[in-house]
Amino acid sequence: MAQPRRLGDLKVDKTVFFLCDMQERFRPAIKYFDDILEVAKRLIAATRILDIPLVVTEQYPKGLGSTVAELDISSAVCTVPKTKFSMLLPEVEGTLKTLCDGKVQHIVLFGIETHVCIQQTVIDLLTRGFEVHVVADGCSSRSQMDRMFALERFRHMGATVTTSEAVLLQLVADKDHPKFKEVQALIKVSAPQSGLTPNL
């Protein structure tokens with residue numbers, strides 16, 4: 001029997017946000033770093049408003065520094081150092097089993113680098129059956145070419161490549177949602193283009 005198509009649905013009570021390696025030492029090397037930092041701020045704020053768990057990783061923080069000071073990750077359910085590219089470490093997998101009453105389905109993924117740690121995390125999450133939403137305006141790489149080809153690959157792999165505004169509005173789903181106005185305030189000013197639509 002054919003598997004049902006995944007349509008990119010999001011349910012607040014089954015969603016976890018993953019913030020990947022937004023660290024100080026990467027700041028000067030990553031294309032559009034300030035733009036994706038602005039998007040990450042909005043997404044992290046949304047996790048607090050909507051009570052969505054936030055998982056954070058840091059790539060070799062001893063050498064590359066901690067998560068940038070502009071991002072308040074104090075509400076994260078776990079912040080895990082790593083050396084491997086994938087965020088799906090044993091500590092993270094263990095945490096996922098305890099969240100959303102053990103029924104996590106949707107992972108919203110953002111950070112750096114798109115073609116390295118984000119890519120390996122997408123592969124590992126899809127392999128384990130999670131539905132993955134990659135926030136295109138919240139991810140970047142040192143090279144725009146690597147970034148764009150990675151986003152294209154994610155679509156072919158079965159991940160949903162989306163935007164921060166689309167994710168946030170999909171999560172509230174109704175203007176009568178009790179948190180709609182708070183989420184609306186996060187997107188009152190459009191997110192930066194971060195080179196995704198160079199002709200606009």
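The residues of the chain are indexed from 1 along the displayed sequence.
Between E70 and K41, none of the side-chain N atoms (NZ, or NE/NH1/NH2) sits under 4.0 Å from a carboxylate O, so this pair counts as no salt bridge. Here K97 does not pair with E93 in a salt bridge; the nearest charged N to carboxylate O distance is not below 4.0 Å. Salt bridge R27/E24: present, at least one basic N to carboxylate O contact under 4.0 Å.
Within a 6.0 Å radius of CZ in F33, other residues, nucleotides and ligands contribute more than 12 heavy atoms. Dense packing is recorded around CZ of F180, with more than 12 heavy atoms of other residues, nucleotides or ligands lying under 6.0 Å away.
Between the side chain of K82 and the main chain of K84, a donor-acceptor pair closer than 3.5 Å is present. Counting only distance, with no hydrogens or angles, the side chain of E165 and the backbone of S190 share no donor-acceptor pair below 3.5 Å. The closest donor-acceptor contact from the side chain of E131 to the backbone of Q105 lies at 3.5 Å or more, if one exists at all. Put simply, the side chain of S140 gets close to the backbone of K31: a donor and an acceptor are under 3.5 Å apart.
Between L43 and F110 there is a side-chain heavy-atom pair separated by less than 4.5 Å. For the pair T47/V16, no side-chain contact is recorded, criterion being any heavy-atom separation below 4.5 Å from C-beta on. Counting heavy atoms from C-beta on, the side chains of F18 and L96 come closer than 4.5 Å. Taking 4.5 Å as the limit, some side-chain heavy atom of Q144 sits within range of a side-chain heavy atom of Y32. I123 has its side chain within reach of Q120: a pair of non-hydrogen atoms, C-beta onward, lies under 4.5 Å apart. A heavy-atom distance below 4.5 Å is found between the side chains of D72 and R48. Considering only heavy atoms from C-beta on, R147 comes within 4.5 Å of L196 through its side chain. With a 4.5 Å cut-off on side-chain heavy atoms, E91 and C78 do not count as touching.
Put simply, V172 and I44 are part of the same group of oily side chains (I, L, V, M, F, W, Y) that touch within less than 4.5 Å, one to the next. Under the 4.5 Å side-chain heavy-atom criterion for grouping Ile, Leu, Val, Met, Phe, Trp and Tyr, I107 is not connected to V116 through any hydrophobic cluster. By the rule that hydrophobic residues join a cluster once side-chain heavy atoms approach within less than 4.5 Å of another member, L99 and L50 end up as members of separate clusters. Grouping the Ile, Leu, Val, Met, Phe, Trp and Tyr side chains by contacts below 4.5 angstrom, directly or via other members, places M157 with L109. Connection of V104 to V55 is established within a shared hydrophobic cluster, with ILVMFWY side chains joined at heavy-atom distances below 4.5 Å, either directly or through further cluster members.
Listed by first and then second residue, the side-chain hydrogen bond (donor to acceptor under 3.5 Å, both in side chains) pairs involving residues 167-182 amount to none (not counting sequence neighbours).
Scanning all heavy atoms of the two residues, the minimum distance from I30 to I36 falls at CG2-CD1, 4.4 Å. The two atoms that bring A136 and V161 nearest to each other are CB-CG1, 3.9 Å, heavy atoms only. Closest heavy-atom contact between T114 and F154: O-CZ, 3.4 Å. Contact detail for D21 and C117: the closest heavy-atom pair is OD2-SG, 3.4 Å. Counting all heavy atoms, side chain and backbone alike, A40 lies closest to L71 at CB-CD2, 3.9 Å. Considering every non-hydrogen atom in both C20 and M87, the closest pair reads CB-SD, 3.3 Å.
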* To do: Check step by step if side chain to side chain donor-acceptor pair (under 3.5 Å) holds for S164 and D137.
  => CA-CA 7 Å; S164 55; D137 56 331; 2.7 Å; yes

* To do: Show your working on side chain to side chain donor-acceptor pair (under 3.5 Å) between E58 and S66 and close with a plain yes or no.
  => CA-CA 7 Å; E58 296 174 337; S66 300; 4.6 Å; no

* Asked: Passes side-chain contact (heavy atoms from CB on, under 4.5 Å), L171 versus I52? Steps please.
  -> CA-CA 10 Å; L171 284 166; I52 292 172; 3.8 Å; yes

* Working for side-chain contact (heavy atoms from CB on, under 4.5 Å), residues H106 and T160 -> CA-CA 10 Å; H106 317 293; T160 297; over 6 Å; no

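D146 and S141 share no side-chain donor-acceptor pair at under 3.5 Å.
Here the NE2-SG distance, from H115 to C139, works out to 12.5 Å after rounding to the nearest 0.5 Å. Interatomic distance, CD of Q59 versus OG1 of T67, reported as 12.0 Å (0.5 Å rounding).
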